[in-house]
Structures are given as C-alpha cells and as structure tokens.
Amino acid sequence: MTCLQGLPSETLRERSIPVLETERLVLRAPRLGDAKTVAALANDRRIAENTARIPHPYRLGDARDWIECANTRDGDETYLITLADGTIVGGCGFDLRDDPAPDIGYWLGVAHWGKGYATEAVRALIDRAFGDLAYEALQSAARVTNPGSRHVLEKCGFQWTGVGLCRIRALNSSAPVDRFRLERCIWASLKSWGKMRRVV
C-alpha cells in the first residue's frame, strides 16, 4: 500500500478532518479499528453495484486499504457515517478527481436504507464543502437503476445535468448514470428559505 508513504500517521490524518454532527448522525474520519465493521457492512452486492469503486466481494483487506488511503490527498475528505451511539452505518465523502468541483459519494449498509441517513449525511457534506471550504459547485452521480440515490441528491438540491457512463468496479464494466450538480448559489438560497420557513 502506497497511500501512507511520506504522509502523517493515522492519528494526524484523523485530526485534519473535522467531525460533522447532524440531528441523528456523526460523520468522522475512519480508523483502522473500524475495518472489520466496514468490511461486514460493505460486503453486499447491492451496495457495490451502485458505487464506482467498491469491489465485490468486499474483504477485510479492502476495508483496510480504503481506510489507509482515506484523507491522504489534498481536497479529499472521507468520513464514516455513525449513529450518535457510535454504530457505523456507512461511508461518505468528496474528492476532486479530474474536475475542480468535488464529487460527492456515499453508501449505507443495507439494514440502514430507507431511514433518511443518506440525505442527512449528504447535507452535512454539502454544508462542509460550501460553508467551510468555499467550493463553488459540487457534483455527483447515481446509477439510472438506483432511484433511491437519485432521490437523495434531488432532496439535497442537486439538479440533473444529463446521462453518462461510469466504470463500476464490482461489475467490471461501465453502466449508465444520471449526473447531478449543485451550485453554491442554489445551496445558499435553499439555506435561507429554510430559515424563513422556521421563522414564520
């Protein structure tokens, strides 16, 4: 594994990533001690086939590799999604890849689907990216066969920009995806509208 060469220790990398808290969730940097739980959660074909980079089967070594590479590149932020009691339910984050607008990604263990956790976690990432890091835009994608993920992005204000192809590691091929983008000005408007509704 080359991710850690010349980089700070796990503890220092973890300190460089803030803890994000929402109403029900805590987003924090992953630690090597989380690998067994992450491997158990992510080892489900339904998850792997709806993400670009999660392999299937997903083994303990895959979880360790992911954790060791997390938060080692400038502009990337990787989080575990946990409940308030520390239970790990999934992962999320953003990276710059080949575009100046960060790409947001997320996954949840199947037992945690349908509870609104993905929407809550993505909103926390958006607030971090626009509020603390001052990015001007964010992008994401969802497989066309995954209406749940598309719904998460739409609830968070993302706007559909078209269809493309994405390489899906678990499929060892490309699959059609809906592409989405969220501009900072739209986020700011949504935040201010939310405040107005609460006042009234």
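- Under the salt bridge (Lys or Arg N to Asp or Glu O under 4.0 Å) criterion, R53 pairs with D95, sequence neighbours left out.
- Counting Ile, Leu, Val, Met, Phe, Trp and Tyr side chains that sit under 4.5 Å apart, directly or through other members, L60 stands alone, with no cluster partners.
- Here S174 pairs with nothing under the side-chain hydrogen bond (donor to acceptor under 3.5 Å, both in side chains) rule; sequence neighbours left out.
- Looking at residues two or more places apart in sequence or on another chain, you find no side-chain hydrogen bond (donor to acceptor under 3.5 Å, both in side chains) involving E21.
- Sorted by first and then second residue, the salt bridge (charged side-chain N to carboxylate O under 4.0 Å, His left out) pairs involving residues 136-160 (not counting sequence neighbours) are R150-E154, R150-D178.
- Partners of R128 according to the salt bridge (Lys or Arg N to Asp or Glu O under 4.0 Å) rule, which considers only residues two or more places apart in sequence or in another chain, are E77, D132.
- Scanning for side-chain hydrogen bond (donor to acceptor under 3.5 Å, both in side chains) contacts around D62 gives an empty result, with sequence neighbours left out.
- By the salt bridge (Lys or Arg N to Asp or Glu O under 4.0 Å) test, D34 pairs with R28, sequence neighbours left out.
- R167 meets the salt bridge (Lys or Arg N to Asp or Glu O under 4.0 Å) test with no other residue; sequence neighbours excluded.
- Screening residues 27-65 for ring pair (Phe, Tyr, Trp, His ring centres under 6.0 Å) gives no qualifying pairs among residues at least two apart or on separate chains.
- Considering only residues two or more places apart in sequence or on other chains, E120 meets the side-chain hydrogen bond (donor to acceptor under 3.5 Å, both in side chains) condition with T22, R24.
- Sorted by first then second residue, the ring pair (Phe, Tyr, Trp, His ring centres under 6.0 Å) pairs that include residues 94-137, not counting sequence neighbours, are F130-W187.
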